[in-house]
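Single-structure report; data block below.
Only a predicted model underlies this, so the values are computations on that prediction, with no experimental measurement involved. Throughout, protein chains are lettered first and strands after them, A, B, ... in sequence-line order, and every chain is numbered starting at 1.
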Number of protein chains: 2
Amino acid sequence: MELFAEQGFAATTVPEITARAGLTTRTFHRHFADKREVLFADDARVPDFVAVLMESFPPSAEPITLIVEGLRLLIEERFEGRKEALRARRDLVRSDDGLRERDLHKRAVMAEALRTGFLSRGIDPTRAALLAETGVTLMYVSVAEWLDRKDDRKLYDVLLATLETMRAELTQENVPPPAKPIPRTSAR
Amino acid sequence: MELFAEQGFAATTVPEITARAGLTTRTFHRHFADKREVLFADDARVPDFVAVLMESFPPSAEPITLIVEGLRLLIEERFEGRKEALRARRDLVRSDDGLRERDLHKRAVMAEALRTGFLSRGIDPTRAALLAETGVTLMYVSVAEWLDRKDDRKLYDVLLATLETMRAELTQENVPPPAKPIPRTSAR
DNA sequence: TACAGTGATGACACGCGATGTCATCACTAG
DNA sequence: CTAGTGATGACATCGCGTGTCATCACTGTA
């Protein structure tokens, strides 16, 4: 983290890292699959957390309730009280395409854990996928706003507000659009 | 594509590709930023397509209408009629983590284009982010189901059905959950 | 027709990331 | 004291990706 802060992620080599840590590059790659993974190793257990959590809910629980409650626990566990550190981490991830890709991958893994959990609760595949994606979207959008905010609003409260916005957006009755006009643009 | 099909993505080296194509590796990297990009170069213009499209809609258009109509055009442009090719591509992308990461990155870029479009339409940041994420989720979930289906249902029809499912899911009035009990799990 | 400019490619060198393999060493159980 | 185990170091090696310079085809212009 020191080296990344000093000279950026891409400009920092694994040999530099291991030199400062007093190890060899080979040892580094025994602990981290690749250089990017250093910044994401902490999140490795999140999918398990999600899976265990989902099993603990009674079968009667509504999916949305389950998502919101699960995110509430996740927030307590790893977000609340770490705002500054998370901001620094976000900025670092933003600065490098490779890191952004890995971040998105972690997000997808979490969505997959959610989807699997819904499947074993007997929810049909498409609905499960949709719920999973909606859940991570809710989380990521809320976290983004929370990190941007300068007040002390709780992440959980931001999340509930985001959910309301989401709901309001979709509730409007303006779905089936026409099927002809519309300008033409070349995308190929 | 021949080599990837024969021996998989990871096992195929850039020298192998350029040898079969009659070029050098240096030339390869002048056309593609990296090896993975070969499979995604076709999508490079999608963000522009999205941006231009969004500007072409009247300011009065509802965001959801805009998303659905935009996706309808995108579907006509690059999905309908290419089902088998898209299935093969999906399977290849699924087979490699690196490719999955790049795929997610492209998805994020599209979301970003959508978000920017909404911003310049005067929509507030959080709502814009939410709409953008919802839009790509709608697209990806629908495409996934469409590719899984064995019937000839149109992608656009699948998409409308997905949107209805999404709406139904969020419309239920079971939001603010309690805030105390719930089991405990270690995620650290 | 000659010539300068432009763009694509080849040739070469190089650094870094990542992995396989074997040796070494600290630690532990019996 | 010994055998086993796990972490690490020491090499060696491969593939990816980039910087640099030379070459060649093509184009517009005098």
Side-chain angles (χ1 to χ4, degrees), chain A residues 1-45 47-48 88-109 186 188, chain B residues 1-45 47-48 89 91-109 186 188:
Chain A
M1 294 304 296
E2 291 169 10
L3 287 165
F4 292 158
E6 288 169 16
Q7 51 193 17
F9 178 80
T12 302
T13 68
V14 175
E16 282 174 340
I17 298 172
T18 56
R20 183 168 301 194
L23 294 172
T24 63
T25 63
R26 192 65 189 84
T27 300
F28 177 92
H29 283 105
R30 283 197 186 94
H31 289 270
F32 306 102
D34 56 57
K35 184 177 145 191
R36 287 174 283 164
E37 197 62 17
V38 183
L39 288 162
F40 298 92
D42 273 356
D43 301 337
R45 291 203 191 93
D48 283 342
R89 187 175 175 287
R90 177 200 59 178
D91 292 341
L92 187 58
V93 171
R94 267 187 186 166
S95 73
D96 183 275
D97 271 353
L99 290 177
R100 284 180 42 184
E101 290 193 358
R102 179 57 49 86
D103 190 49
L104 292 165
H105 183 70
K106 296 298 178 182
R107 169 177 168 163
V109 169
S186 63
R188 181 124 211 174
Chain B
M1 292 305 296
E2 291 169 11
L3 287 166
F4 292 158
E6 288 169 16
Q7 51 192 16
F9 178 80
T12 303
T13 68
V14 175
E16 283 173 341
I17 297 172
T18 54
R20 182 166 303 193
L23 294 172
T24 63
T25 64
R26 192 65 190 86
T27 300
F28 177 92
H29 283 106
R30 283 196 186 95
H31 290 269
F32 306 103
D34 56 56
K35 185 177 142 189
R36 287 173 284 164
E37 198 62 17
V38 182
L39 287 162
F40 298 92
D42 273 356
D43 302 337
R45 292 203 191 94
D48 282 342
R89 187 175 176 285
D91 293 341
L92 188 57
V93 171
R94 267 188 186 165
S95 72
D96 184 275
D97 270 353
L99 291 177
R100 284 181 44 185
E101 290 192 358
R102 180 58 49 84
D103 190 49
L104 292 165
H105 183 70
K106 296 300 178 181
R107 170 178 167 163
V109 169
S186 62
R188 179 120 211 174

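Rounded to an integer number of Å, the gap from CG of Asp97(B) to P of dG17(C) is 20 Å. Rounding to whole angstrom units, CD of residue Glu16(B) and C1' of dG15(D) are separated by 11 Å. We find that CD of Gln7(A) is positioned 11 Å from P of dC16(C), with the value rounded to whole Å. Atoms CZ (Phe32(A)) and P (dA7(D)) sit 14 Å apart, rounded to a whole Å.
Considering only the side chain of Asp34(A), dA18(C) comes nearest among dC16(C), dG9(D), dA18(C). Nearest nucleotide to the side chain of Pro15(A), out of dG20(C), dT8(D), dG17(C): dG17(C). Looking at the side chain of His29(A), the nearest of the listed nucleotides dG17(C), dG10(C), dG19(D) is dG17(C). You'll find that the side chain of Arg26(B) is closest to dT18(D), out of dT18(D), dA10(D), dC16(D). Side-chain proximity of Thr24(A) to dC16(D), dG10(C), dG9(D): nearest is dG9(D).
Within the 4.0 Å cut-off from OP1 or OP2 of dT9(C), not a single side-chain nitrogen or oxygen of Thr27(B) is found. Side-chain N/O atoms of His31(A) include one lying less than 4.0 angstrom from OP1 or OP2 on dT8(D).
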**OP:** Applying side-chain contact (heavy atoms from CB on, under 4.5 Å), run through Leu99(A) and Arg94(A) and close with a yes or a no.
**Re:** CA-CA 7 Å; Leu99(A) 290 177; Arg94(A) 267 187 186 166; over 6 Å; no
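When heavy atoms are screened at a 4.0 angstrom cut-off, Gly22(B) is found touching the sugar-phosphate backbone but no base atom.
Between Asp97(A) and Arg36(B) no salt bridge is recorded (no basic side-chain N to carboxylate O distance below 4.0 Å).
The base of dG7(C) does not come close enough to the side chain of Arg30(B) for any donor and acceptor atom to sit less than 3.5 Å apart. Residue-to-nucleotide contacts include no donor-acceptor pair under 3.5 Å from the side chain of Arg36(A) to the base of dG17(C).
When side chains are defined from C-beta on, Arg89(B) does not count as touching Phe4(B), because their heavy atoms never get closer than 4.5 Å. Side chains of Thr12(B) and Glu6(B) form no contact here, defined as non-hydrogen atoms less than 4.5 Å apart. Annotation: side chain of Asp34(B) is in contact with side chain of Arg102(B) (closest heavy-atom distance under 4.5 Å).
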